[in-house]
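All heavy atoms count here, side chains included; hydrogens, waters and symmetry mates do not. In what follows, every chain begins at residue 1, and chains take the letters A, B, ... in the order their sequences are listed.
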Amino acid sequence: GQQVMQIPQYQHVQEGEDFTTYCNSSTTLSNIQWYKQRPGGHPVFLIQLVKSGEVKKQKRLTFQFGEAKKNSSLHITATQTTDVGTYFCAGLLAGGTSYGKLTFGQGTILTVHP
Amino acid sequence: ETGVTQSPTHLIKTRGQQVTLRCSSQSGHNTVSWYQQALGQGPQFIFQYYREEENGRGNFPPRFSGLQFPNYSSELNVNALELDDSALYLCASSPQRGTEAFFGQGTRLTVV
């Protein structure tokens with residue numbers, strides 16, 4: 001079945017440093033979504049990428065979708081303590097019986113030291 | 001606009017028992033999905049309901065079942081609970097299938 005792998009599993013940074021997490025799918029995706037989950041909280045939607053090679057920015061966050069629509073990345077510039085949490089990518093297959101099934105990666109836990 | 005709400009927030013059950021978890025979807029959303037999140041893992045897709053019909057299912061046994069009601073609220077039922085069913089159960093609603101998911105705060109289920 002479809003697998004979504006995410007690296008690294010953990011990332012510790014000093015406040016002000018940059019952070020990147022990478023996501024790879026075993027199958028071509030219809031779209032990829034990114035979520036953030038604070039400790040003790042629930043996943044919160046950040047963004048959805050649909051087009052091959054798409055790049056989207058949200059303030060200090062930059063999201064990319066690969067040309068083959070099988071990989072993606074999230075880059076945070078100049079991290080802040082408010083960025084702490086687990087970042088998940090989630091891939092969506094197009095059509096068929098799997099339509100609507102989001103497959104989540106295992107997440108990258110980001111710790112930011114002040 | 002009301003967000004996704006789940007009840008109860010915490011639950012302790014004994015192995016072999018049955019449990020029902022409830023979810024009220026966000027206003028205007030016709031799609032509800034359920035996920036199981038074990039500690040330190042990403043959410044695992046259980047199933048999705050669209051307009052009261054099951055629309056897709058993950059790798060979960062038949063003892064995991066669900067319902068969606070005309071008002072788009074939903075229930076997750078788990079029969080014959082096992083210790084490994086202990087997890088955070090998340091409900092998420094979407095305005096349409098394949099679009100962003102808005103998660104509730106989850107139900108923490110502990111099976112002893």
[X] and [Y]: which non-hydrogen atoms are nearest, and at how many Å?
X       : Y        : value
B:Phe45 : A:Lys101 : CD2-CG, 3.4 Å
A:Tyr35 : B:Ala101 : OH-N, 3.0 Å
B:Pro43 : A:Phe104 : O-CB, 3.4 Å

(message) I'd like to verify something: which residue of B:Tyr35, B:Phe47, B:Phe102 has the highest number of heavy-atom pairs under 4.5 Å with chain A?
(response)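 That would be B:Tyr35.
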
Grouping I, L, V, M, F, W and Y whenever their side-chain heavy atoms are under 4.5 Å apart, do [X] and [Y] come out in a common cluster?
X       : Y        : result
B:Leu76 : B:Tyr49  : yes
B:Leu88 : B:Phe103 : yes
B:Tyr50 : A:Leu92  : no
B:Tyr89 : B:Leu83  : yes
B:Phe64 : B:Trp34  : yes

For [X], is the [atom1] atom crowded, meaning more than 12 foreign heavy atoms sit under 6.0 Å from it?
X       : atom1 : result
A:Tyr10 : OH    : no
B:Arg63 : CZ    : yes
B:Asn59 : CG    : no

(message) Applying a heavy-atom distance below 4.5 Å, give me the residues of residues 42-76 of chain A that approach chain B, sorted by number.
(response)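 Listed by number, the contacting residues are A:His42, A:Pro43, A:Phe45, A:Gln48.
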
(request) Answer with side chain, backbone, both or neither: which region of B:Gln96 has an atom nearer than 4.5 Å to a non-hydrogen atom of chain A? (result) neither

Can you give the donor-acceptor pairs under 3.5 Å from side chains of residues 105-112 of chain B to other protein atoms, not counting sequence neighbours?
from	atom 1	to	atom 2	distance (Å)
B:Gln105	OE1	B:Gln6	N	3.4
B:Gln105	NE2	B:Gln6	O	3.0
B:Thr107	OG1	B:Pro8	O	2.5

(request) Could you tell me the separation between the OG1 atom of A:Thr86 and the CD atom of B:Gln37, rounded to the nearest 0.5 Å? (result) 8.0 Å

(message) With a 4.5 angstrom heavy-atom cut-off, is it the side chain or the backbone of A:Gln37 that approaches chain B, or both, or neither?
(response) side chain

